[in-house]
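Notes to accompany the following structure.
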Amino acid sequence: MRYTQLSANEIAQKVQAGELKASDMLDASLAQIRAVDGDFGSLDGQATDPETDKKVHAFISLTEEMARAQAQAVDAKVANGEDAGLLAGVPVSIKDIFALENTVTTAASRMLHNYRAPYTASAVQKLMDAGALIVGKVNLDEFTFGSSNESSAYQPASNNPWNTAHVPGGSSGGSAAAVAAEETPLSLGTDTGGSIRQPAAFCGVVGLKPSYGRISRYGLIAFASSLDCPGPLSRNVEDAALMLQVMAGADERDESSATLPVPNYLEALQQDVKGMRIGLSPDYAGIAYPNHKTGEFEIIPVQEEIKQATLDAAEQLARQGAEIIENVPMPHTRYGIPVYFVVSRIEASSNLNRMDGVKYGFTVADARDLQDLYKRTRTEGFGPQPKLRILMGAYLSAASKKVNYYQLASQVRGMIRRDFELAFEPKGAYQLDALLTPTTPTTAFKRAEVFGDSVLMQYADQMTVSVNHAGLPAITVPAGLDNKNLPIGIQFIANHFREDIVLRAAHAYEQSTLDAVWRKVRPMALQEVN
Amino acid sequence: MKEYEIIVGLETHIQLNTETKIFCACKADSWEAEPNTNVCPVCTGQPGVLPRLNAEAVQKGALLAAAMHAEINPCSIFDRKHYFYPDLPKGFQITQLFEPIGKGGYLDLYMPDGEIKRVRINKMHLEEDAGKTKLEHGQRMVDLNRGGVPLVEMVTEPDLRSGEEAAQYLSQLRELLRWIGVSEADMERGHLRCDANVSIREKGSTAFNTKTEIKNVNSIDSVRQAITQEAKRQIELVESGGKVEQYTLDWDADTGKLSMMRSKEGEADYRYFREPDLQPVILSNAEIEAIKASLPELPYARRRRFVEEYQLSAYDAEVLTSERGLSDYFEEAVALYAKEPKTISNWMMNDMIRLMNDTGKSAKGLVLKPAALVEIVKLIDDGKINAATGKSLLVKVEQTGKSPATIVEEESLGLIADADSLRKQIETILAGAPNEVAAYRGGKETLMGWFVGQVMRATRGKADPKLTREILLELLKD
Ligand SMILES: [Zn+2]
């Protein structure tokens with residue numbers, strides 16, 4: 001077996017045991033990147049490679065020197081008989097939205113194309129402290145604003161390794177692609193409305209969005225501060241648990257980080273699902289899309305194969321002793337996207353105010369005066385997605401509005417949260433431990449198929465976004481392939497800070513399907529090279 | 001000409017004297033630091049950073065609210081106020097709009113004529129200071145050292161009626177801020193900054209007319225002058241048939257002139273919304289009670305008490321309560337020597353204040369503690385040293401840190417109160433002055449003063465005067 005096919009946990013154990021050198025692991029990872037990634041995304045990037053459409057393009061930049069030094073440090077520790085950490089020698093890619101000291105942190109935007117962060121994000125620091133090798137920064141939708149990676153200012157943007165004519169999803173598309181294409185076994189992503197889970201589902205990998213506050217946001221360039229969560233992408237559930245273990249915990253630099261003790265997630269995986277109450281909800285059977293002429297919601301059912309995969313998973317778990325509770329009402333799910341439009345746009349527009357050309361990043365060279373500097377820097381520095389979101393956020397939070405949309409949306413968020421509270425209430429009607437849903441309404445769409453329709457693109461997040469509103473943990477785990485050999489993801493959602501439960505459920509499902517035929521299929525991008 | 005009334009409201013920005021900035025670990029004080037040396041990723045608004053609230057700023061803000069008789073909000077919340085300016089690195093200021101730290105409140109002004117004037121507070125909230133910009137060689141330079149210093153913005157109701165009243169308000173607010181220890185309130189250093197809203201109306205009217213806002217009235221004299229001048233301008237304008245427009249004016253303290261900055265027609269849209277990165281600031285009942293309990297006796301109450309309790313003159317009481325440390329010092333000394341508040345007051349008013357001026361120290365900073373002062377006063381009262389020695393002791397204790405008794409001992413400054421040794425010295429003096437002795441005994445009793453003088457000269461002033469006189473009387477009798 002090639003090193004790059006090892007799981008993170010296997011790598012760390014081999015490295016700790018002296019059976020594998022971190023430096024060799026790094027070489028293997030870099031070789032895989034060279035083999036499958038093709039041209040890295042760059043500003044105004046032009047493809048030079050005739051095979052470019054078959055490549056993954058997960059990366060924006062490598063941090064090879066840093067990774068090399070980290071590998072040497074790990075190898076030295078192992079040689080000295082010291083503990084080299086839970087992630088000893090594990091190559092990790094970082095979504096290029098996290099600050100990493102002395103490296104360019106672009107947010108996939110022209111606005112930050114030359115921004116060298118003067119500090120390191122807390123989550124990234126924890127990975128490094130645990131012996132991880134930070135090999136590079138991966139692509140994303142510009143400032144994480146999108147669900148396909150296509151809005152990145154760094155082109156070519158990532159492709160889906162399963163079918164490179166399809167998008168990897170987003171915004172953590174580079175992360176999902178890098179993990180699926182075995183470039184790095186782990187990637188650090190962020191999830192604001194589904195940005196870890198949707199691309200993970202599209203690329204056939206595991207993606208975990210932890211509870212809001214479980215992992216520090218310090219150093220994550222904010223999209224929507226009340227929704228953003230850093231989280232792991234990996235190829236199996238155990239690796240997601242391992243990476244979460246390393247990153248979880250209080251951070252004095254983030255007031256919203258939780259001070260609750262961090263349980264042992266790897267131990268939680270040892271438990272089975274006997275007696276676990278897992279719910280299915282009709283409100284996750286389709287996308288409720290408001291018809292803005294009639295005001296009525298039209299229900300577009302999820303892709304049949306995804307629906308089937310979800311029901312099959314429920315059956316698998318039932319066979320292992322879980323209790324399946326059907327028809328759990330989640331009536332406010334349909335407001336998830338409209339509320340998200342309000343909350344995320346207002347917060348995003350505010351968070352982007354600091355990009356003014358004064359302190360860092362892109363600046364027009366020949367500003368006539370201060371107003372000209374602001375206007376032209378922001379006009380030329382931002383791509384269409386940030387502009388749309390700034391406009392909408394500014395519109396929604398304007399003082400002239402009679403309605404305080406932010407407050408109103410916060411109230412609806414409370415109703416969405418209430419749906420979950422009722423479902424998880426220990427003395428309630430359903431007493432769920434977890435809710436099982438599809439992760440996405442469809443499998444990965446083709447490039448350019450949805451891009452350009454910002455509203456439709458946003459609705460790709462309807463299955464995932466309520467979890468962000470409620471601040472809950474959720475995981476997506478691969479659950480088969482559709483008739484085009486595109487991956488299907490299913491999602492488990494649990495109550496606040498019960499990452500252990502979603503990990504357990506996902507792990508049980510994963511272990512019961514290890515021999516499934518679809519697991520033998522390799523992503524298209526890997527078939528030629530390996 | 002009609003009679004007009006001047007309507008003034010003041011907007012003050014008060015820098016709290018916390019150790020660190022309000023949302024990061026940088027020092028709050030960067031006086032005289034090179035530009036942009038007291039900064040970090042948080043206060044320079046780097047992408048990805050998060051604010052973290054400094055609890056000391058909340059404590060001091062709440063203490064100020066208590067001192068202003070405002071209601072301390074048990075759950076105050078921060079909001080974002082958006083605008084673009086180079087000194088505002090995040091493009092928004094973290095402030096409080098909907099749920100500020102203090103609600104309501106007032107400051108009672110003790111006017112020179114003895115009247116008490118109540119000025120109500122309309123708004124009081126916590127926020128972060130911005131950086132500074134300045135033009136240098138045609139370039140606009142940004143210094144973010146000041147960015148993130150904790151501020152309380154406090155706005156009065158339009159309750160003030162003249163430049164003089166506004167000056168009184170500012171001066172008494174400054175005193176209060178220092179007194180309760182929440183701000184250094186040094187206006188020259190920008191710890192306390194002020195904008196004034198000025199309008200006029202016909203006497204008897206209750207309407208509020210269009211007001212102008214004067215920016216940068218950053219000294220007490222400036223406040224008085226600028227408001228007086230602006231009110232005069234408005235009156236003359238209205239008298240000549242003109243109409244006051246809503247301008248923002250800039251006060252130039254050097255030239256003493258007001259200039260128009262901009263007309264203020266459309267209000268800016270700050271797009272306020274709740275700061276999602278900060279938790280609500282929760283203060284329990286017990287915490288609020290503790291904050292209120294920690295509020296010291298305020299200057300005017302203490303002034304009145306000093307007059308009643310220690311029978312000090314109004315003037316002495318005012319001087320002794322001009323600074324909290326000074327009045328604490330006085331009371332500590334009085335507590336150690338209860339029978340003589342007036343004596344202690346005299347020492348404070350003269351020698352102690354001189355000592356503080358000479359050394360540049362505050363009462364709190366002196367090496368000479370109240371106990372040492374009392375010891376010196378007692379040495380004099382007990383006849384162990386004379387008053388001149390006492391005064392010199394103040395300086396010596398301050399310089400050496402030794403106790404007064406030790407210095408008296410080491411430098412033999414004590415009065416000679418030993419009758420035997422003094423008698424011997426006086427006998428020697430009398431033996432050396434047979435003519436004067438004879439004259440005295442012959443009836444020239446006015447020579448007594450000359451004899452005492454001789455003894456004092458021989459003992460270099462250390463002879464106990466009372467004892468000296470007794471011994472002389474006895475020896476000269478023969
Ligand atoms: Zn700072």
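Chain letters run A, B, ... following the sequence lines, proteins first and then strands; every chain starts at 1.
The CD1 atom of A:I346 lies 13.5 Å from the CZ atom of B:R274; values are rounded to the nearest 0.5 Å.
Closest heavy-atom contact between A:Y218 and B:P41: OH-CB, 4.1 Å. Closest approach of A:A398 to B:D269, counting heavy atoms only: CA-OD2, 3.2 Å. Of all non-hydrogen atoms in A:E255 and B:P51, the two that sit nearest each other are CG-O, 4.2 Å. Across all their heavy atoms, B:R80 and A:S350 have their closest contact at NH1-OG, 2.7 Å. Between B:P276 and A:Y212 the shortest heavy-atom distance is O-OH, 4.3 Å.
No donor-acceptor pair under 3.5 Å is formed between the side chain of B:K90 and the backbone N or O of A:N353.
Note: A:P118 leads A:A107, A:S410, A:S122, A:P118 in heavy-atom pairs under 4.5 Å with chain B. For the set A:N404, A:D356, A:L220, A:L352, the count of heavy-atom pairs under 4.5 angstrom toward chain B peaks at A:L220. Of the residues considered (B:A25, B:P47, B:G45), B:P47 shows the highest number of contacts with chain A, using heavy-atom pairs under 4.5 Å. When each of B:V142, B:L88, B:L53 is checked for heavy-atom pairs under 4.5 Å with chain A, B:L53 comes out on top.
Neither the backbone nor the side chain of A:D228 comes within less than 4.5 Å of any heavy atom in chain B. In this structure, chain A has heavy atoms under 4.5 Å from both the backbone and the side chain of B:F84. Of the atoms belonging to A:A224, not a single heavy atom falls under 4.5 Å from chain B. The contact between A:Y115 and chain B is made entirely by side chain atoms (from C-beta outward), counting heavy-atom distances below 4.5 Å.
In this structure, B:F273 and A:Q407 have side chains that are not in contact, with every pair of non-hydrogen atoms separated by 4.5 Å or more. With contacts defined as side-chain heavy-atom distances shorter than 4.5 Å, the pair B:D277/A:R217 qualifies. Between A:D369 and B:R140 there is no side-chain heavy-atom pair separated by less than 4.5 Å. No side-chain heavy atom of A:Y360 sits less than 4.5 Å from a side-chain heavy atom of B:T44.
Between the side chains of A:S349 and B:R271, at least one donor N or O lies within less than 3.5 Å of an accepting N or O.
Crowding of B:E19 atom CD: a count of heavy atoms from other residues, nucleotides or ligands under 6.0 Å not exceeding 12. Around NZ of A:K126, the count of heavy atoms belonging to other residues, nucleotides or ligands within 6.0 Å exceeds 12.
Salt bridge annotation for B:R52-A:D254: absent, with no cationic side-chain nitrogen under 4.0 angstrom from a carboxylate oxygen.
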